[in-house]
*Asks:* 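Got a structure for you, written out below as structure tokens; questions coming shortly.
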2 protein chains.
Amino acid sequence: MLARLAKAGRALTAYDILDAVRAQGLRAPVQVYRALEKLRGEGLVHRIESLNAFVACAHFRRRHEDSVAFAICETCGTVSEFAVLATARALRTRTRRSGFVTERTTVELRGRCAACVGKGSEAGA
Amino acid sequence: MLARLAKAGRALTAYDILDAVRAQGLRAPVQVYRALEKLRGEGLVHRIESLNAFVACAHFRRRHEDSVAFAICETCGTVSEFAVLATARALRTRTRRSGFVTERTTVELRGRCAACVGKGSEAGA
DNA sequence: GCATCGAACGTTATATCATTACACTCATTT
DNA sequence: AAATGAGTGTAATGATATAACGTTCGATGC
Ligand SMILES: [Zn+2]
Ligand SMILES: [Zn+2]
Ligand SMILES: [Zn+2]
Ligand SMILES: [Zn+2]
């Protein structure tokens, strides 16, 4: 299942994954959600909140949910993961001043990836 | 509908809102979603992606979806909106270096608000 | 006035995402 | 062996969101 996610390069919904792994014997959504929960616990999978979908962790590091961001291309669906340690720290500090204790951050950017921007400008020229 | 959202102080799902406005004649989800879409377009409502829910804009400013963040209390559900102009700019600059053109950012923090942290530590002491 | 058009709306049905409930298996403990 | 408890598979359901389609109604042109 993790292999499928990693190969996809984009976010897959739980039901996308379900379709992909039916051959391996998984038959019901709850099985996929349980597996995803486990993988998320191991830091191998991230959830993209704005897509209700999942990606394989690109960094093979454990537990960095608190300082990761995603750039999501609206045109081709590609999801790129990058670390935002300083940004996350700044946000935590900022809210801490009003008494809010941050446990987790979600940072997701929508836009167009280099490849799709290139294609777009070609078409427009 | 906007009044209901503003009064709530927390995020409401479309179906929460639907229940609240049945008295006003709205009967179906799609009507609520259409109204929300309009209000979002006017910058009066924000969507909280990690909750699949909606809040009234706390700033009464138009169109700042690209630089707003939310601190969401996991204990009491309170959502606080704050501006993150510098942070959003930094993220855009950062991804721009790899060719990604950002159109919109989602920044959501989960944790515990001042009130709930206070109660928690009292209980723990 | 009135035919035509198109945006907005209401209704129904359906699609999509996620969890609950429960029975069964199997390894661990006593 | 019986009791316990974690994990699993199945079915059903709940929660979120959109599609499809006919109607209303104001704007436009004749
Ligand atoms: Zn990662
Ligand atoms: Zn792209
Ligand atoms: Zn706002
Ligand atoms: Zn709170």
Side-chain angles (χ1 to χ4, degrees), chain A residues 1-6 8-57 65 70 72-79 103-104 106 108 110, chain B residues 1-5 8-57 65 70 72-77 79 103-104 106 108 110:
Chain A
M1 190 166 107
L2 184 57
R4 293 278 180 175
L5 261 187
R10 62 189 182 89
L12 299 182
T13 70
Y15 283 76
D16 289 339
I17 296 167
L18 178 56
D19 287 342
V21 298
R22 271 187 210 281
Q24 283 126 272
L26 296 190
R27 269 176 278 245
V30 68
Q31 297 173 283
V32 172
Y33 283 106
R34 291 204 272 234
L36 284 171
E37 203 48 39
K38 196 169 167 187
L39 290 168
R40 288 182 69 195
E42 295 167 358
L44 299 173
V45 164
H46 301 294
R47 178 180 168 84
I48 309 295
E49 300 290 352
S50 62
L51 294 173
N52 294 333
F54 304 85
V55 292
C57 176
E65 283 281 0
F70 303 93
I72 304 155
C73 178
E74 305 256 42
T75 301
C76 70
T78 298
V79 175
E103 283 160 6
R104 199 153 47 81
T106 298
E108 297 174 12
R110 298 303 200 87
Chain B
M1 191 165 107
L2 183 58
R4 293 278 179 173
L5 261 186
R10 62 189 181 88
L12 299 182
T13 69
Y15 284 78
D16 289 339
I17 295 167
L18 178 56
D19 287 342
V21 298
R22 272 188 209 280
Q24 283 127 272
L26 295 191
R27 270 176 278 247
V30 68
Q31 297 174 282
V32 173
Y33 282 105
R34 291 205 271 232
L36 285 170
E37 202 50 38
K38 196 169 166 187
L39 290 168
R40 289 182 70 194
E42 295 167 357
L44 299 173
V45 163
H46 300 295
R47 178 181 167 85
I48 308 294
E49 299 291 351
S50 63
L51 293 173
N52 294 333
F54 303 84
V55 292
C57 176
E65 282 281 0
F70 302 94
I72 302 155
C73 178
E74 305 256 41
T75 301
C76 70
V79 175
E103 285 161 6
R104 198 155 47 83
T106 298
E108 298 174 11
R110 297 303 200 88

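Worth knowing before you read on, the calculation uses all heavy atoms, side chains too, and leaves out hydrogens, waters and symmetry mates. Bear in mind that the values here come from a model prediction, so they are computed numbers and not experimental data. Letters go in sequence order (proteins before strands), and every chain restarts at 1.
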*Asks:* Go nucleotide by nucleotide along DNA chain C from the 5' end; which of A:Arg47 and A:Arg34 gets its closest nucleotide reached first?
*Replies:* A:Arg47
*Asks:* Would you indicate which nucleotide in D:dA17, C:dC17, D:dG9 comes nearest to any side-chain atom of A:Tyr33?
*Replies:* C:dC17
*Asks:* For B:Glu37 and D:dT16, what is the distance between atoms CD and C1' respectively, to the nearest whole Å?
*Replies:* 15 Å
*Asks:* Could you check if a side-chain atom of B:Ile17 sits within less than 4.5 angstrom of a side-chain atom of B:Arg4, using non-hydrogen atoms only?
*Replies:* no
*Asks:* Whole-Å distance between C:dA15 P and A:Asp16 CG?
*Replies:* 16 Å
*Asks:* Please pick, from D:dT18, D:dG9, C:dG10, the nucleotide with the shortest atom-to-atom distance to any side-chain atom of B:Pro29.
*Replies:* D:dT18
*Asks:* I need the B:Thr13 OG1 to B:Asn52 CG distance, nearest 0.5 Å.
*Replies:* 9.0 Å
*Asks:* What integer distance in Å separates A:Leu12:CG from C:dC17:P?
*Replies:* 11 Å
*Asks:* Nearest-Å distance, CZ (B:Arg40) to P (D:dA17)?
*Replies:* 10 Å
*Asks:* Please walk me through it: do A:Glu49 and A:Thr106 pass side chain to side chain donor-acceptor pair (under 3.5 Å)?
*Replies:* CA-CA 8 Å; A:Glu49 300 290 352; A:Thr106 298; 4.8 Å; no
*Asks:* How many whole angstroms separate atom CG of B:Asn52 from atom C1' of D:dG14?
*Replies:* 14 Å
*Asks:* Touch check for B:Arg27, heavy atoms < 4.0 angstrom, all strands: base, sugar-phosphate only, or nothing?
*Replies:* sugar-phosphate
*Asks:* For the pair made of CD1 in B:Ile17 and P in D:dT16, what is the distance, rounded to whole Å?
*Replies:* 11 Å
*Asks:* Would you mind reading off the distance between B:Leu26 atom CG and C:dA8 atom C1', rounded to a whole angstrom?
*Replies:* 14 Å
*Asks:* Taking for each residue the nucleotide of DNA chain D bearing the nearest heavy atom, is the 5' side occupied by B:Leu51 or by B:Val30?
*Replies:* B:Leu51
*Asks:* Measure from the side chain of A:Phe54, starting at C-beta and using heavy atoms only, and say which of C:dA18, C:dC17, C:dT11 lies closest.
*Replies:* C:dA18
*Asks:* Any side-chain heavy atom of B:Arg110 sitting closer than 4.5 Å to one from B:Leu51?
*Replies:* yes
*Asks:* Give the rounded distance in Å between these two atoms: CD of B:Glu49 and C1' of D:dA17.
*Replies:* 13 Å
*Asks:* Suppose we call a contact any N or O donor and acceptor under 3.5 Å apart; does that hold for the side chain of A:Tyr15 and the base of C:dA15?
*Replies:* no
*Asks:* Find out whether B:Met1 and B:Leu36 are in side-chain contact, i.e. whether some heavy atom of one side chain is under 4.5 Å from a heavy atom of the other.
*Replies:* yes
